[in-house]
Amino acid sequence: MLVAVSVVLVYLVHFPIFPAAPFLEYDPADIPILIGAFAYGPLAGILLTVVSAVIQGLTVSAHSGLYGIIMHIIATSVLVLVSSGIYRLRHSKKGAIVALVFGVLSMGLVMMPANHVITPLFLTVPVDVVDALLLPVILPFNLLKAGVNALVTFLVYKTISRHIVHGQDWRKGAAEAVQADKPVVLEKEAETQEETSER
């Protein structure tokens, strides 16, 4: 399910951030992968990463081909490995913040040498051209992309984890809300009956 959500998110939301590197597009695909990694651990996160990267690379992101698949696997694997690994050691809100911050920084740093080596091979551009983009474009892009996805993950994880980890029915929350409203409704009905009897 998380892989399907990831693919759908890429299909719905993807756009370049820096005109100097239009091949670098933001997408929120890493959010469900991060959620899965936090819930089930680093190995599950890597598996989700590989499966979603291959499916996306063959469907909604087919224009990026093998290059997109490889870069996606490297970037997201670093993000989920570091983040979920730290979160398993420090399973708290503060631990989640530290984990996501280190995950974002790690992804930004790792993608610099990755782009230096891999991008010239697939995009047939000189290494010097790619290196000139590393600090002003590629590093900020990866930090921004990972940072946004990490922030969204932090905001929604606890709510979603109650359902995908603890198995809480999605309808339970609504049912509890209805139950909470019942005393108020019954009280108003009693007041109405009292007013009617007084009349």
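Position 1 is the first residue of the sequence, and the numbers go up from there.
The environment of Phe122 atom CZ is dense: over 12 non-hydrogen atoms of other residues, nucleotides or ligands sit within 6.0 angstrom. The number of heavy-atom neighbours closer than 6.0 Å to CG of Leu121, taken from other residues, nucleotides and ligands shown, is above 12.
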Item to complete: With side-chain contact (heavy atoms from CB on, under 4.5 Å) as the test, would you mind laying out the steps for Ser83 and Leu34 before giving the verdict?
Response: CA-CA 8 Å; Ser83 297; Leu34 272 172; 4.1 Å; yes
Discussion item. Between Leu135 and Met112, is the side-chain contact (heavy atoms from CB on, under 4.5 Å) condition met? List the steps.
Written reply: CA-CA 8 Å; Leu135 287 176; Met112 292 180 70; 3.6 Å; yes
Practice prompt. Could you walk me through whether Leu133 and Thr119 pass side-chain contact (heavy atoms from CB on, under 4.5 Å), step by step?
Written response: CA-CA 11 Å; Leu133 296 174; Thr119 299; over 6 Å; no
Worksheet item: Please walk me through it: do Asp30 and His72 pass side-chain contact (heavy atoms from CB on, under 4.5 Å)?
Response: CA-CA 9 Å; Asp30 288 348; His72 185 176; 3.6 Å; yes
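Minimum heavy-atom separation, Pro120 to Asn115: CD-O, 3.2 Å. When all heavy atoms are compared, the tightest approach of Leu48 to Ala37 is CD1-N, 4.5 Å. Taking each heavy atom of Thr49 and Ser77 in turn, the nearest pair found is CG2-OG, 3.7 Å. Closest of all the heavy-atom pairs between Pro32 and Leu9 is CD-CD1, 3.7 Å. Ala99 and Phe38 make their closest contact through CB-CZ, 4.4 Å (heavy atoms, listed as atom of the first residue, atom of the second, distance).
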Could you give the side-chain donor-acceptor pairs of residues 16-27 under 3.5 Å, partners two or more places apart or in another chain?
unit_1, atom_1, unit_2, atom_2, d
Tyr26, OH, Asn149, OD1, 2.8
Asp27, OD1, Ala29, N, 3.0

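Among residue pairs with one or both ends in residues 87-108, none qualify as salt bridge (Lys or Arg N to Asp or Glu O under 4.0 Å); sequence neighbours excluded.
Without hydrogens or angle criteria, Ser6 side chain to Leu2 main chain gives no donor-acceptor distance under 3.5 Å.
In summary, of the residues considered (Val82, Leu79, Val101), a side-chain contact (heavy atoms from CB on, under 4.5 Å) with Ser106 occurs for Val82 alone.
For the atom pair CG (Leu105) and CG (Asn142), the distance works out to 12.0 Å, reported to the nearest 0.5 Å.
Thr59 and Tyr11 share no side-chain donor-acceptor pair at under 3.5 Å.
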